[in-house]
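Each remark here refers to the structure printed beneath this line.
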Amino acid sequence: MDKIYNNKNVEEKIYKKWGDKGFFKPEERFGSKKKFSIILPPPNANAPLHFGHAMYVTEDILVRFHRMKGHKTLWLPGADHAGFETQFVYEKKLQEAGESRFDYKREELYKMIWDYVQENRKGMENQLKRLGFSLDWERRKFTLDEDITKIVYQTFKNLYDDRLLYRQKRLVNYCTFDGTSFSDLEVIYEERKNPLFYIKYGPLVLATTRPETKFGDTAVAVNPEDKRYQKYIGKEIEIETVLGKAKIKVVADKMVDPSFGTGAVKITPAHDFDDFEVAQRHNLPMVAVIGFDGKMNKKAGKFEGLYVRQARKAVVEEMQKKGLIEKIDENYVHRIGVCYKCKNPIEPLPMEQWFVKMQPLAKKAIDTVKKGDIKIHPKSFEKLYFQFLENIHDWNISRQLVWGIRIPAFKCEKCGEWEVTEGELREKCGKCSGKMVQDTDTFDTWFSSGQWPYATLKTTDSLEFYPTSVMETGYDILRWWVARMVMLGIYIQEKEGIKDVKQQVPFENVVLHGLVNDPLGKKMSKSKGNVINPLELVDQYGADAVRFALVYGTALGNDQSLSYPKLQAMRNFTNKLWNMARFIEFQGNERTFKTSELSIKEMQILSKKHGDEDIWKSDREMVQKIEEITSEVTRLLEKYDFNHAAQNLYDFTWHEFADIYIEESKRTLNNNDASGKDTFEVLSSSFLILLKLIHPFMPFVTEEIYDVLYGGEEDLIVSKWPSL
RNA sequence: GCACGCAUAGCUCAGCGGUAGAGCGCUUCGUUCACAUCGAAGAAGUCUCAGGUUCGAAUCCUGAUGCGUGCACCA
């Protein structure tokens, strides 16, 4: 053995061996009948993994732990097409080449992105392998695989038939820069400074940040309690506008806050979510003045064709000329919805889209966690889960993108009738024989990934693993993904005729890890340029050290900052293990002792042989301690306490086993008699137990040591987890 | 605005009702005999602040301050 552990000589060789021997495939061992399964949260196929993905190491730890316990264990890998994210990235690439998506036909663009994604996917999968993840690659899935999309179509159709899906013209969050609508979750809110204009509306003055939408006003609203405006309620007032005189109705609605501005609000149902609701209550017409291109339409008269921002400026100038602006508060700060990707303001626009009715689905998802059929770890995240589901809005699943699963809905050009299919094409209208045209939109990515556990298991003939044991992911996508998987998972199983709620849920446990920030505690992001590729660190410190550093010293669900000193310490730990092995190898060779593989029980029996002889004190103690650490680590792993399991192993290995026991053992070994041989048996056997306990955390170095020291045909990855 | 989380040794973080912990850093000493990516010894903290509950609080409760995050319709 080399004096220093060199991960580069080991990792690739060992990973290949595991794969060649088929150890990643589910298999019953040691007579156990239990099953254990995890579906890997499918990383986006559009880019290399970032460092946060390395947190999936907790899944590998669980998977290896259960595999060693003999459970039939499956860890299924996959990749997500990440609709909008990917198209966004790809469009950026096109832009750099001086092109745009409009230079290509739909099919061409799709094909180009497809090739791009396949290339990236390979790199991403290689990263997962380098981290030592024991994934069953034969079952790998992609969200755009044909058999997966078939299931997605089916669910869509079922929702439609069950009237949980409807198409309606409603206000949607639309980004006019990226040309697509978004769900509520995808809109982020930012503080922006925008002037607040006090504009004259006939006898009234009202405050607005969006004077350019006034062409779409269909009412003015005041609070029903507001004494100042009582005389106008229900009446029409005559107003002077930049486009001439007009009349407008005054309505009373409790949504108006009398203390804001002047207490009177212009109602623009087509471009504001609140106003839209007021309009519903008061039966007001909806007049759109902004188009999907972000420009004013003909309703805006001479301002037609101007972008919103330009129109605002022009309208205000015109109004000022006509004396219609009373004052302007230039320092007004408010929060507005912006596109999470390009950060431009979200434009609420009226648009026909497919919506999923969430309340019935959400209710079941809430109940199942309340009843404990799904457990969330750490428990504190339950609140976030409930908060989201209890206030959920209907889910807009239409996206105006090319990259994704095209919605299998067809509209008759003649009679306007919609037909939803399970993916097959429709050319003729069933009602009037008119020509059918397919919806050009694709599904929100989360609509397909929300069906991931069922879809992946079904299409790999692995439904025996449904529901999976654990869903492990970052808490940041609890609402985006986990909650939706619960809702859709239950729904799908209901449709499959499964009655037992315990069988409907997609997983039994949700385990949430925190985020990994950069060494300065800042969130890693491409725009900040502080993203770290996990492979850089794997090269530098070894996969085992990287893995151990991620779980050591951070409580489950807490964020952590990448720490180079910690990585170094863990690299030293791998080397410590290596040298402990070297010591044992050397001692064995010196005395022609063979390493033994006694169980804890066998060591206890051996230990009795020496009664309370003083020279055997440390051996006796080690037998006792190795039993304690075994049950402690087992207990901690069963409750997902990776941090303490790792800390215990680290402390015990270094300070109990190496510093004390190995030092003590030298005395006995040097006796070179029967007691020395027995000590060597305990030394090598208890070290092997330690190797097994550490293996889920540091699979490479432990497997390599096992190979060198204990040899034979066996492999640590499928060895039996220690117990009494 | 509402909610949640975090504030513990110089730094990064565990602990979460019973005499303050780890890693890194720091100080002193030690290399033929597994490992200097090492060993031995050591210094270092009114556990953010103010009240309260308790025989006893870093740990539970209330409030304050600071930082972070999530949610919300302020025109």
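Proteins come first, then strands; the chains are lettered A, B, ... in the order of their sequence lines, and each starts at number 1.
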Given that A/N558 and A/R582 both sit by RNA chain B, which one's nearest nucleotide is further toward the 5' end? A/N558

Assign A/D559 to base, sugar-phosphate, or nothing according to its heavy-atom contacts below 4.0 angstrom with the strands shown. nothing

What is the nucleic acid contact for A/N643, judged by heavy atoms within less than 4.0 Å: base, sugar-phosphate only, or nothing? sugar-phosphate

Quick one: label A/I662 by what it contacts on the DNA or RNA (base, sugar-phosphate, nothing), any heavy atom closer than 4.0 Å. base

Considering every strand and a 4.0 Å limit on heavy-atom distances, what is the contact class for A/K566: base, sugar-phosphate, or nothing? nothing

Reckon A/H655 touches a base, only the sugar-phosphate, or nothing at all at heavy-atom distances under 4.0 Å? sugar-phosphate

Could you tell me whether A/R210 contacts a base, only the sugar-phosphate backbone, or nothing, with contacts defined as non-hydrogen atoms closer than 4.0 Å? nothing

Go through the N and O atoms of the side chain of A/E663 and the base of B/A34, and report whether any donor-acceptor pair is under 3.5 Å. yes

Output yes when at least one side-chain N/O atom of A/N575 is less than 4.0 Å from OP1 or OP2 of B/C38, else no. no

Looking across every strand, which nucleic acid part, if any, lies under 4.0 Å from A/A658 by heavy atom: base, sugar-phosphate, or nothing? base

Over 60° means perpendicular and under 30° means parallel, so classify the ring planes of A/Y340 and A/W480, tilted if in between. perpendicular

Report yes if the distance between the aromatic ring centroids of A/Y332 and A/H334 is under 6.0 Å, otherwise no. yes

Of A/Y475 and A/G261, whose nearest nucleotide on RNA chain B comes first from the 5' end? A/Y475

Please pick, from B/A34, B/A14, B/A75, the nucleotide with the shortest atom-to-atom distance to any side-chain atom of A/Q647. B/A14

Between B/A14, B/G39, B/C74, spot the one nearest the side chain of A/W654, thanks. B/G39

Member of A/Y640, A/F642, A/Y475 meeting the ring pair (Phe, Tyr, Trp, His ring centres under 6.0 Å) criterion with A/H377: A/Y640

Does B/G56 pair with anything, Watson-Crick or G-U wobble, both distances under 3.5 Å, and if so, with which nucleotide? none

Which part of the nucleic acid does A/Y552 contact within heavy-atom distance under 4.0 Å: base, sugar-phosphate only, or nothing? sugar-phosphate

From the candidates B/G39, B/A34, B/C71, the one with an atom nearest any side-chain atom of A/D659 is B/G39

Between A/F182 and A/Y174 (judged by ring centroids, cut-off 6.0 Å), do the two rings come close enough to count as a pair? no

Whom does B/G68 pair with, Watson-Crick or G-U wobble, provided both distances fall under 3.5 Å? B/C4

Passing option when A/T213 is tested against A/H271, A/R312, A/K266 for side-chain hydrogen bond (donor to acceptor under 3.5 Å, both in side chains): A/K266

Under 4.0 Å between any heavy atoms, over every strand shown, what does A/K3 touch: base, sugar-phosphate, or nothing? Just pick one. sugar-phosphate

For a quick check of understanding: with a heavy-atom distance under 4.0 Å over all strands, which category does A/D275 fall into, base, sugar-phosphate or nothing? nothing

